[in-house]
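A quick note: this is a predicted structure, and the numbers were derived from the prediction, not measured. For the numbers below, each heavy atom of this structure counts, side chains included, while hydrogens, waters and symmetry mates do not. Nothing fancy with the numbering, it's 1 onward along the sequence.
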Amino acid sequence: QVQLVESGGGSVQAGGSLRLSCVASTSTSHNCMAWFRQAPGKGREGVATMNSDGHTNYRDSVMGHFTISKDNAKNTLYLQMNNLQAVDTAMYYCAASRFPGCMANALSAPSAFAYWGQGIQVTVSS
């Protein structure tokens, strides 16, 4: 069982930056990791994934201004979010798969992830 705890959310003005962190209760160096988000009234959507070998994938709308990274020594996953816009307002969730490789459609398959954090709010005002 892996427990995930997110931090770093909050409120920011459009154009600002935030860095989310996700600390795992055990090593996740051999797990596909991901960030998802869910806005009010919408479904959960994948933001970024990272394979155990460091390969990353992003949804088109965040490519170039969000960066997923991890520090295996600290069991921590990060999401650096730059140039935030109102459309990025959502609850953000950290997720871990049981497997080292991320599925090709992982960004649209939250059911592929077995472990989830409680979520953290990001609010961007325009």
Heavy-atom closest pair, residues [X] and [Y]:
| X | Y | result |
| --- | --- | --- |
| Asp88 | Val124 | CB-CG2, 4.5 Å |
| Gly119 | Met91 | C-SD, 3.7 Å |
| Ala14 | Ser126 | CB-CA, 4.1 Å |
| Leu77 | Ser69 | CD1-O, 3.3 Å |
| Ala39 | Ala90 | N-CB, 3.8 Å |
| Ala24 | Leu4 | CB-CD2, 3.7 Å |

May I ask you to decide if [Y]'s main-chain N or O and [X]'s side chain share a donor-acceptor pair within less than 3.5 Å?
| X | Y | answer |
| --- | --- | --- |
| Glu6 | Cys94 | yes |
| Thr49 | Met33 | no |
| Ser25 | Gln3 | yes |
| Gln85 | Asn83 | yes |
| Arg19 | Gln80 | no |

Common cluster, [X]/[Y], ILVMFWY with side-chain heavy-atom separation under 4.5 Å:
| X | Y | result |
| --- | --- | --- |
| Met63 | Leu18 | yes |
| Ile120 | Val23 | no |
| Tyr92 | Phe36 | no |
| Tyr78 | Phe113 | no |
| Ile68 | Phe99 | no |

Measure the spacing between [atom1] of [X] and [atom2] of [Y] and express it to the nearest 0.5 Å.
| X | Y | atom1 | atom2 | answer |
| --- | --- | --- | --- | --- |
| Asn75 | Thr26 | CG | OG1 | 6.5 Å |
| Met50 | Asn31 | CE | CG | 13.0 Å |
| Ser17 | Asn82 | OG | CG | 3.5 Å |
| Asp71 | Thr76 | CG | OG1 | 6.0 Å |
| Ser125 | Gln13 | OG | CD | 5.0 Å |
| Ser29 | Asn72 | OG | CG | 5.0 Å |

Counting the benzene-type ring for Trp, do Phe66 and Trp35 have ring centres under 6.0 Å apart?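 No, they do not, as the ring centres are separated by 6.0 Å or more.
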Within a reach of under 6.0 Å around CG of Asp53, are more than 12 heavy atoms found that belong to other residues, nucleotides or ligands?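 More than 12 heavy atoms, drawn from other residues, nucleotides or ligands, come within 6.0 Å of this atom.
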May I ask you to check if Arg44 and Tyr93 form a cation-pi contact, with NZ or CZ under 6.0 angstrom from the six-membered ring centre and within 45° of the axis?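 Geometry flag: set, cation within 6.0 Å and 45°.
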Evaluation steps, side chain to side chain contact (heavy atoms under 4.5 Å, CB included), between Thr28 and Val2: CA-CA 8 Å; Thr28 54; Val2 179; 4.1 Å; yes
Test side chain to side chain contact (heavy atoms under 4.5 Å, CB included) on Glu45 and Arg37; report intermediate values, then the result. CA-CA 5 Å; Glu45 61 181 26; Arg37 67 186 181 187; 2.7 Å; yes
